[in-house]
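The figures that follow rest on heavy atoms only: side chains count, while hydrogens, waters and symmetry mates do not. Position 1 is the first residue of the sequence; numbering continues from there. Just follow the structure's listing: the first ligand is 1, and inside any ligand the first atom is 1.
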Amino acid sequence: MPEIMKGLKDVYFDNTEASFIDGDVGKLLYRGYSIHDLAEKSTFEEVVYLLLYGELPSQSELTDFDAKLRANRRIPDQVIEVLNLVQNSHPMDALRTGISALSAFDEDVTDNSPEATIRKGIRLTAMGPTLVAAHHRLRQGLEPVAPNPDLNHAGNFLYMLFDEMPDEETVKLLDVDFILHAEHGANASAFGARVAASTLSDLHSAVTTGVGVLKGPWHGGAAEEVMRMALDIGQPENAEEYCRNILDNGGRIMGFGHRVYKAEDPRARHLRERSKALGEKMGQPKWFEILTYLEENVMSKYRDRGIFVNVDFFAGSIYYLLGIPDDLFISIFALGRIPGWTLQCLEQFDDNILIRPLLEYTGGMDLEYTPIESR
Ligand code: CMC
């Protein structure tokens, strides 16, 4: 009997230089650099450069790279029309459709060379926020807002979403959030993207796959669920009973647990601090109080089983306080992750092998075929 590695748990399927994760101690490095240094000292643009080219940029390299990102934000009118057609879709479905539609206008679409894959990765990173913001405007019956080349990546996204200039603090908050979501090893969506790349399909197909895989509540969808849970709980003192009902019925508390981290997800630290500060600043400390009550008093019992908060736990409260509708939370994760998916595809194309595992067959054998008229 073959040994079945269900969920491919603990299976290494290739090498990577993208990120290092030590789940036992909660350590994460992008291209060798600590997530803490990057979150505290870097910018999303710099991190995208690091991921795609493998090194931190010099000032002039960063300036050129940032200019490229800014110059590639516009999406074709035909893609706006497509977004208009799917305006009733969930924002992640619209993003998936939008990325797929962009392939029709990308001159490099079938070129899987590293140069073309990087060019496409830059374009998709730059255009992703335009897709999400345009769809959000269209579904409210509003005109999409054109990208503003004077704003950085995070600032321009907020500007296109709300049609008003964002303040510096909010921009930095989103910039850090994008950094924290940019890359994460063989997570389910990156694996999905790699499977697509391994057939020598193309980056648009791979990123479309990534978006589809990320959408689920066990992956990117948890932030949305966490905030819904906090709203349902309403007050810290209700948290215990609320969670007990879920756990006693075999359910899971969203924002806790991780396939790789058996200690606290190192990304959570940066969002915890920011969620607290933002809640106090906005005069709404309640959400952070509910979340920390959950963490400290309800889920603390699960720590010895390796269940700690993950990156999504505090993210939802931040987006909520920024006035971002809850069904956009996963899209923000996806926008941050486009560079990571691109890098995973670069690595896959570089030393490709078709990803094609086996399934142990447990169904019937050699059954006698009965013609339809005799069934
Ligand atoms: N609440 C309650 N119990 C949990 C949770 C949770 N959030 N997570 C895991 N468990 C339990 C699970 O029920 C199982 O118990 P038992 O052994 O008694 O059956 C045990 O822990 C091991 O769970 P598992 O499903 O084998 O572990 P996994 O590594 O496959 O799960 C996970 C990883 C993320 C799917 C899971 O922790 C989960 O469902 N968490 C909630 C969803 C969530 O927050 N997802 C965001 C992940 S971070 C963002 C990202 O990178 O995707």
task: Any chance you could measure Ile253, atom CD1, to Phe313, atom CZ, to the nearest 0.5 Å?
output: 9.0 Å

task: Just need the protein heavy atom nearest to atom 3 (N) of ligand 1, so name the residue and atom and give the distance.
output: Ile307 CD1, 4.0 Å

query: Considering distance alone, does some N or O of Phe256 sit under 3.5 Å from an N or O of ligand 1?
result: yes

task: Could you check whether the rings of Phe178 and Phe157 sit parallel, tilted or perpendicular, using 30° and 60° as the cut-offs?
output: tilted

Pi-cation contact, Phe333 with Arg267 (under 6.0 Å, within 45°): no

task: Report the part of Pro217 (side chain from C-beta onward, or backbone N, CA, C, O) that has a heavy atom under 4.0 Å from ligand 1; answer both or neither where that applies.
output: backbone

statement: Heavy-atom proximity to atom 43 (C) of ligand 1, picking from Ala222, Gly23, Ala315, points to Ala222

query: When rounded to the nearest 0.5 angstrom, what distance separates OG in Ser19 from CG in Leu51?
result: 8.0 Å

- prompt: Which is closest to atom 47 (C) of ligand 1 in terms of heavy atoms, Asn310, Asn187, Val260?
  reply: Asn310

Distance filter under 4.0 Å to Arg259 heavy atoms, resulting ligand 1 atoms: 28 (P), 29 (O), 30 (O), 33 (C)

- line: Checking heavy atoms under 4.0 Å, the part of Leu247 that sits near ligand 1 is side chain

- prompt: What do you think, any protein heavy atom under 4.0 angstrom from atom 19 (O) of ligand 1?
  reply: no

- line: Among non-hydrogen protein atoms, atom 45 (N) of ligand 1 lies closest to Trp218 O, 3.2 Å

- request: Give the residue, atom name and distance (to 0.1 Å) of the protein heavy atom nearest atom 42 (C) of ligand 1.
  value: Met254 SD, 3.6 Å

task: Ignoring hydrogens and angles, state whether a donor on the side chain of Asp326 or Tyr320 is under 3.5 Å from an acceptor on the partner side chain.
output: no

query: Heavy atoms only: which of Arg252, Met299, His219 is nearest to atom 24 (P) of ligand 1?
result: Arg252

- prompt: Is Arg305 close to ligand 1, meaning an N/O of one under 3.5 Å from an N/O of the other?
  reply: yes

task: Give a yes or no on whether Val195 and Ile338 share a hydrophobic cluster (residues Ile, Leu, Val, Met, Phe, Trp, Tyr; joining criterion: side-chain heavy atoms under 4.5 Å apart).
output: no

task: Identify whether Met5 and Phe13 are in the same connected component of the hydrophobic contact network (ILVMFWY, side-chain heavy atoms under 4.5 Å).
output: yes

message: When you measure from the centre of the six-membered ring of Trp218, is the NZ or CZ of Arg252 closer than 6.0 Å and no more than 45° off the axis?
response: yes

message: What verdict does the side-chain hydrogen bond (donor to acceptor under 3.5 Å, both in side chains) test give for Glu183 and Gln344, after you've listed the backbone C-alpha separation in whole Å, the side-chain angles of each residue and the deciding distance to 0.1 Å?
response: CA-CA 9 Å; Glu183 157 58 29; Gln344 299 276 340; 2.9 Å; yes

query: Does Ile253 reach ligand 1 with a nitrogen or oxygen that is under 3.5 Å from one of the ligand's nitrogen or oxygen atoms?
result: yes

- prompt: At a 4.0 Å threshold, what atoms of ligand 1 neighbour a non-hydrogen atom of Gly257?
  reply: 34 (C), 37 (O)

- prompt: Cut-off 3.5 Å, side chains only: do Ser205 and Asp202 have a donor facing an acceptor?
  reply: yes

message: Quick test of your reading of the structure: of Asp312, Val226, Asp265, whose heavy atom lies closest to atom 49 (C) of ligand 1?
response: Asp312

- line: re atom 27 (O) of ligand 1, the protein heavy-atom contact at minimum distance is Lys9 NZ, 3.9 Å

query: Does Glu225 reach ligand 1, in the sense of a heavy atom lying below 4.0 Å from it?
result: no

task: Using ring-ring contact (aromatic ring centres under 6.0 Å, His included) as the criterion, point out the one residue from Phe44, Phe65, Tyr33, Tyr30 that pairs with Tyr49.
output: Phe65

- prompt: Looking only at heavy atoms of Gly255, does any of them come nearer than 4.0 Å to an atom of ligand 1?
  reply: yes

- prompt: Would you say Leu294 and Ile307 are hydrophobically clustered, going by side-chain heavy atoms of ILVMFWY under 4.5 Å?
  reply: yes

Flag: protein heavy atom within less than 4.0 Å of atom 22 (C) of ligand 1: no

